[in-house]
Amino acid sequence: MSFNSDVAKRLEEISEMLELLGENPFKVNAHARAARAVEGSSQDLRGLTDHRAALVAIEGIGPKIADKIIEFAKTGRMTEHDELSAQVPAGLMVVLAIPGLGPKTVRMLWQERQITDVAGLKRIIEDGSILDLPRMGKKAVEKIANAIRFAEQDTGRLHIGVAMPVARAIVEHMRRVPGVTEAAYAGSLRRGKESIGDIDILVATKDPAGAAAAFTGMPGVLAVLASGERKCSVRFALEVDLGRWEMEGLKGDAEEGPSVQVDLRVVDEASWGAALMYFTGSKEHNVRLRERALKRGLTLNEYGLFPEDSEDTPPQQRGVKPVASAAEAEIYGGLGLPSIPPEIREDRGELALTETPRLIEVGDIRAELHAHTTESDGSLALEELVAGAKARGFHTIAVTDHSKSSAVAGGLDVKRLKKQREAIDALRERTEGMTILHGSEVDILSDGRMDFDDETLAWLDVVVASPHAALGQDPATATNRLLRAIENPHVNILGHPTGRLINRRPGLEPAMEEVYAAAREHDVALEINAHWLRLDLRDTHVRGAVEAGCLIAIDCDVHQGEDFDNLVYGVLTGRRGWLPPERCVNTWDRARLGAWIGRKHPR
DNA sequence: GCCGTTTTCGGCCCGACTGTTTTCAGTCG
């Protein structure tokens, strides 16, 4: 785990333990916020621990928390964390993680019945003694029991590539419901996060009851969790195809199969923009917007931006006319801000923008530079791959089958490479309008050596260098390994730099600042591998790389035809990293891209 | 515990839903 993640985890735990001890809620929130600031930071905070002022300069980190971070860097411990851990049983944190059980209830269970873990909670549910506690009726207890059951089989967050098709299908379903004038998905999915907790669907309609009925009654609904006038929640069945990664680590109820919670919010058309903004989040972004509104004598809620007054009743209930409400852009404008793209609404500096940034879009991408054929572990023949790239309007496709060390993936040795070159030359003869580059996804061996000698690397048209094995090595070794690959004079792109698989394995944890600096110096593009199981670089790394002046490549790592469709996830990740199109080599025209690649492969 | 274009002290976002209540507390997003 990276230093930032380690620190964030401890700060988050401090926040939760303080909450269970009944501490000041603002102190609790301050730690939670600091944890998010640390987790979301694009720089490795370990490098800042010699400069206290630099830590304190980060929003959400003050002098006290800075000292805790410094202590952790020096000693590997946080005294406050240790002291709190001695007071709060570890099992209580697991109980707190059960949806529907909040700090007040868990604290009450702990104090009144000495419950310190899930097993204890199950025991008093089974013997019925939980019913004697305040606010614990039959229905409440049944809900808790269901939540425990689901939590025990829950796999955590859902990959964006699994959630997105489901959300799109539900939005289409809701659009066809009579009376519905607008439908969209919101939440972390709209922000393009790599994984999501649940799916948020928003509709505008004149017939809320009809929309709710159409939602709770649609095919795929396994259970209705809540059903109100403005909000419904259901558990929805998932069909998951992990393709060449066999299904592992993603499981659901044994009988029902994997599922996801989907929330429907029903709003009036007039407040569509305010509602979409509110339900898109992030929570931190929204809080900042509300604070900003208050400073300007306004109040912001999911119904609109209103003039501030001292009444207790919310303005929309008193017929107060909003300053803005129908469109997101109007509300940002009313707050003196440019429109902020959903992907960067994370309270990571976006509210200081004076104009809407031009971030990369799917339509900007003109080339795929990382693709496999049946020669290694792809399922597309050479001709099919090139046809697929052409169908998407690309001007360049790079054929980059695995190198010889990736034996299980059918990696090519030099002899097979030469033969492949003949086939590519022949295909070039009969292909118009498409530049076909003959490259290789060359293994970066565990010590940083490349899987081919320099002569072979130079002979290839393009080289994507990727780590595939020894992904558990320590950070220092991993850093040297990647730096050595970047320094090779024939490497164009560093492929999936960390080798992580989301929710599956953490991958390498190199010193990213050093990787950025070397990549910039040696003119190597860092890849955003667009497969939704990888998204590697991840969003925060992209932000760091962009700030460090690096070039980025967004590649689908095509193994089968559908993989081209993963481009959207790579682009979303780029947008979350504030990536402008000109810094992504896949957006360049044929000549510029060819010249950039060719500098390392002279003919 | 953090923060400051009214502040270095006194604030800290806002509303819906649920279940257990008879006016509201807790949770969630």
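Because the structure is predicted, anything quoted here is derived from the model rather than measured. Every chain is numbered from 1, with letters handed out A, B, ... down the list of sequences. Both backbone and side-chain heavy atoms feed into the values below; hydrogens, waters and symmetry mates do not.
Shown here is A:R77, whose CZ atom has no more than 12 heavy atoms of other residues, nucleotides or ligands within 6.0 Å.
Ion pairing of A:R175 with A:E172 is present here, as a side-chain N (NZ or NE/NH1/NH2) and a carboxylate O approach within less than 4.0 Å. Ionic pairing of A:R290 and A:E284 is not present here: no N-O contact between side-chain nitrogen and carboxylate oxygen is shorter than 4.0 angstrom.
Straight-line distance between the C1' atoms of B:dC9 and B:dG15: roughly 29 Å, to the nearest whole Å. B:dT6 and B:dG1: their P atoms are spaced 28 Å apart (whole Å). Of the C1' atoms belonging to B:dT20 and B:dT27, the separation is 14 Å, rounded to the nearest Å. Spacing between B:dC17 and B:dC12 at atom P, rounded to whole Å, works out to 25 Å. Here the separation of B:dG29 from B:dC13, taken at their C1' atoms, is 12 Å to the nearest Å. With P as the reference atom, B:dA16 and B:dT21 are 24 Å apart, rounded to whole Å.
Protein chain A contacts DNA chain B over a range whose 5' and 3' limits, counting nucleotides with an atom under 4.0 angstrom from a non-hydrogen atom, are B:dG1 to B:dG29.
A:F3 is linked by a ring pair (Phe, Tyr, Trp, His ring centres under 6.0 Å) to A:F72, counting only residues two or more places apart in sequence or in another chain. Annotation: side chain to side chain donor-acceptor pair (under 3.5 Å) contacts of A:Q261 (sequence neighbours excluded): A:D263. Applying the side-chain contact (heavy atoms from CB on, under 4.5 Å) rule to A:F306 yields the partners A:T299, A:N301, A:Y303, A:P315, A:Q316, A:V320, A:P322; only residues at least two apart in sequence or on another chain are considered. Under the side-chain contact (heavy atoms from CB on, under 4.5 Å) criterion, A:R538 pairs with A:E194, A:T498, A:R500, A:T540, A:H541, sequence neighbours left out. Under the rule for a side chain to side chain donor-acceptor pair (under 3.5 Å), A:E182 has no partner lying at least two apart in sequence or in another chain.
Using a 4.0 Å heavy-atom distance criterion, A:R135 is classed as a base contact. No contact: A:F279 has no heavy atom under 4.0 Å from any strand. If you check every strand for non-hydrogen atoms under 4.0 Å, A:P63 touches sugar and phosphate atoms only. In this structure, A:P134 reaches neither bases nor backbone, as no heavy-atom distance under 4.0 Å exists between it and the strands shown. A:I144 comes within 4.0 angstrom of no nucleic acid atom, judged by non-hydrogen atoms across all strands. The residue A:N286 sits apart from the nucleic acid: no heavy atom pair falls under 4.0 Å. Note on A:K143: only backbone sugar-phosphate atoms sit closer than 4.0 angstrom, heavy atoms only; bases stay farther off. Among the heavy atoms of the strands, none lies under 4.0 Å from A:L289. At the heavy-atom level, A:K64 lies under 4.0 Å from the strands shown only through sugar-phosphate atoms. Residue contacts for A:S227: at a heavy-atom cut-off of 4.0 Å it reaches the sugar-phosphate backbone alone, with no base atom in range.
Base orientation of B:dT5: anti, the glycosidic angle falling outside 90° of 0.
Comparing A:L133 and A:Q261 along DNA chain B, the residue whose closest nucleotide (by nearest heavy atom) sits nearer the 5' end is A:L133. Residue-to-nucleotide proximity on DNA chain B shows that, of A:G137 and A:L101, the 5′-proximal contact is made by A:G137.
Of the nucleotides present, B:dA16 is the one that pairs with B:dT27 by Watson-Crick or G-U wobble criteria, both distances under 3.5 Å.
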